[in-house]
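In listed order, ligands and their atoms are each counted from 1.
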Amino acid sequence: MKIRRLSELGDLGLWAKGPNWESRRYFVRKDGTSFSLHDTHVAPNTQTNIHYANHIEACLIYSGSCTVTDKQTGEAHALGAGEAYLLDQHDRHSVTAGPDGCKLVCVFTPPCDGREVHNEKGIYPVITEKGVYYERADALQAEIDMLEALVKDKKEELLRIKGA
Ligand SMILES: CC(=O)NCC[C@H](N)C(=O)O
């Protein structure tokens with residue numbers, strides 16, 4: 001088991017800030033997981049345009065409210081505490097926080113490294129120990145390398161179990 005406390009995140013480089021939001025990244029790639037776990041706080045009455053070309057993200061709102069708009073269809077969803085959205089199509093979208101702001105627990109795959117902020121297109125790079133990759137092909141290769149390392153670990157575990 002691992003415990004990570006809010007008070008540690010700054011020193012560990014796991015507290016990222018954008019113009020309208022901050023994201024406290026509790027568990028990240030270096031923890032060896034295939035996902036990262038974030039607590040995102042979005043400032044009241046702000047709009048952020050996002051396009052996670054290299055990631056899938058699930059968000060669960062636990063405080064405040066927001067409107068998530070699909071930029072392709074124009075469909076807008078008003079969401080509050082206990083409601084969630086999943087960006088499983090690399091959807092271009094905007095998040096508009098309500099008058100009390102919006103707090104969300106967010107899960108990313110591939111896992112974030114901790115330092116990611118949006119580029120001018122709203123994209124996060126995939127960051128590994130080998131580099132920072134924005135372009136889809138490079139980011140996919142970095143993700144495949146991460147997944148292959150995880151599969152290698154699982155295969156070794158399986159061999160250990162079978163050999164026991
Ligand atoms: C909704 C929003 O502002 N997202 C940006 C931060 C993102 N959820 C993260 O945790 O990196």
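Side chains of His41 and Asp39: a donor-acceptor N/O pair is present below 3.5 angstrom, by distance only. Between Ser23 and Arg25, the side chains place a donor N or O and an acceptor N or O closer than 3.5 Å (distance only, hydrogens not considered).
Proximity to His118 (heavy-atom distance under 4.0 Å) selects the following atoms of ligand 1: 5 (C). Of all the atoms in ligand 1, the ones that sit under 4.0 Å from a non-hydrogen atom of His38 are 9 (C), 10 (O), 11 (O). Residue-ligand proximity, Cys106 to ligand 1, at heavy-atom distances under 4.0 Å covers atoms 8 (N). The ligand atoms of ligand 1 that sit less than 4.0 angstrom from a heavy atom of Ile50 are 2 (C), 4 (N). Using a 4.0 Å cut-off to heavy atoms of Tyr52, the atoms of ligand 1 that qualify are 4 (N), 5 (C), 7 (C). Proximity to Glu57 (heavy-atom distance under 4.0 Å) selects the following atoms of ligand 1: 7 (C), 8 (N). Residue-ligand proximity, Arg25 to ligand 1, at heavy-atom distances under 4.0 Å covers atoms 9 (C), 11 (O).
A donor-acceptor pair under 3.5 Å is formed between the side chain of Thr73 and the backbone N or O of Glu75. Judged by distance alone, with hydrogens and angles left aside, the side-chain atoms of Ser36 form a donor-acceptor pair with the main-chain N or O of Cys112 at under 3.5 Å. Side chain of Arg92 to main chain of Asp70: no donor-acceptor pair is present (N/O by atom type, distance under 3.5 Å, no hydrogens or angles). Side chain of Glu57 to backbone of His55: no donor-acceptor contact under 3.5 angstrom is found.
Close N/O approach between Ser23 and ligand 1 is found [any backbone or side-chain N/O within under 3.5 Å]. Note: an N/O pair closer than 3.5 Å links Thr40 and ligand 1 by distance alone.
Aromatic ring centres of Phe35 and Phe108: separated by at least 6.0 Å.
Protein heavy atom at the shortest distance from atom 3 (O) of ligand 1 is Val42 CG2, 3.6 Å. The single protein non-hydrogen atom nearest to atom 6 (C) of ligand 1 is Tyr124 OH, 3.5 Å, given as residue, atom name and distance.
Using a 4.0 Å cutoff on heavy atoms, Asn20 does not count as a contact of ligand 1.
Below 30°, between 30° and 60°, or above 60°: for Tyr124 and Trp21 the angle between ring planes is between 30° and 60°, a tilted geometry.
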